[in-house]
Every structure is written in structure tokens, then in C-alpha cells.
Amino acid sequence: MVIAFPSQDPRYVFAALVESERVINISVGVMMERSDVTEDEARTLLSDAVRRTGCKQSAVAKQYIETGTL
């Protein structure tokens, strides 16, 4: 999988990837708390929403954090 970034500076790419992973992990934690599911179940729910919407995982995760819906 190739991810396009506005800058090919490795520091920018790394920072963007770390931020994306942070948002995903936060959404998994929030989902575990709100829905009383395990980490694996939360990640599966997030993955299902990504497939259903066709959006990036970090975008779906951010939406969940902000709205509580997938």
C-alpha cells in the first residue's frame, strides 16, 4: 500500500503516520469503553466501517471519536 503525502520529507511522513495511529488507537479505546467490547472486537468494528464507507481508517476513527457513530 502506498500512501501519498504532500511532502516526501521522512520526518513529515513519520509524524503523519504516528498521528494516524494515535487517532485509531484512541477510537478503539473509546469504543471499548462506550460499547463494552474487547480490543479485537473494536478493531473489527472499525475495519468493517472502513470497508463499508471506503474511507481511510484514520478518518473513520476520527469520526467515531467526534460523533460516536461509525
Side-chain angles (χ1 to χ4, degrees):
M1 176 171 157
V2 176
I3 300 173
F5 292 99
S7 170
Q8 293 305 314
D9 181 342
R11 293 170 296 185
Y12 176 81
V13 173
F14 181 73
L17 290 172
V18 168
E19 178 60 18
S20 176
E21 189 64 24
R22 186 182 75 80
V23 169
I24 292 164
N25 288 335
I26 290 171
S27 73
V28 168
V30 170
M31 195 179 306
M32 289 169 64
E33 178 66 28
R34 287 179 182 168
S35 301
D36 193 31
V37 295
T38 66
E39 180 178 355
D40 287 342
E41 292 169 329
R43 289 190 184 278
T44 298
L45 290 169
L46 183 60
S47 294
D48 290 347
V50 168
R51 279 191 289 281
R52 187 176 62 252
T53 63
C55 295
K56 291 183 178 183
Q57 190 174 28
S58 59
V60 174
K62 184 176 180 182
Q63 175 191 346
Y64 181 76
I65 293 167
E66 293 173 352
T67 66
T69 61
L70 288 174

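Just so it is clear, the structure is predicted and the values come from calculations on it, not from any experiment.
Expressed to the nearest 0.5 Å, how far CG of Asp36 lies from CE of Met31 amounts to 13.0 Å. Thr38 OG1 to Arg43 CZ: the interatomic distance, rounded to the nearest 0.5 Å, is 10.5 Å. Between atom CD1 of residue Ile65 and atom OG of residue Ser58 there is a gap of 10.0 Å, rounded to the nearest 0.5 Å. Atom CD of Gln57 and atom CD of Glu21 lie 7.5 Å apart (nearest 0.5 Å). Taken to the nearest 0.5 Å, the NZ atom of Lys62 stands 12.5 Å off from the NZ atom of Lys56.
Here the side chains of Thr53 and Gln63 are not in contact, with every heavy-atom distance at 4.5 Å or above. Side-chain contact between Met32 and Asp40: absent, with no pair of heavy atoms (C-beta onward) separated by less than 4.5 Å.
Heavy atoms only, all atoms of each residue included: Ala49 and Leu70 are closest at CB-CB, 3.8 Å. When all heavy atoms of Ile24 and Ala61 are compared, the closest pair comes out as CA-CB, 3.9 Å. In this structure, Tyr64 and Ser35 approach most closely via the heavy-atom pair OH-OG, 3.9 Å.
The pair Arg51-Asp48 meets the salt-bridge criterion, since a charged nitrogen lies less than 4.0 angstrom from a carboxylate oxygen.
Cluster annotation: Val28 is not connected to Leu17 through the hydrophobic network of ILVMFWY side chains, with a link wherever side-chain heavy atoms come within less than 4.5 Å.
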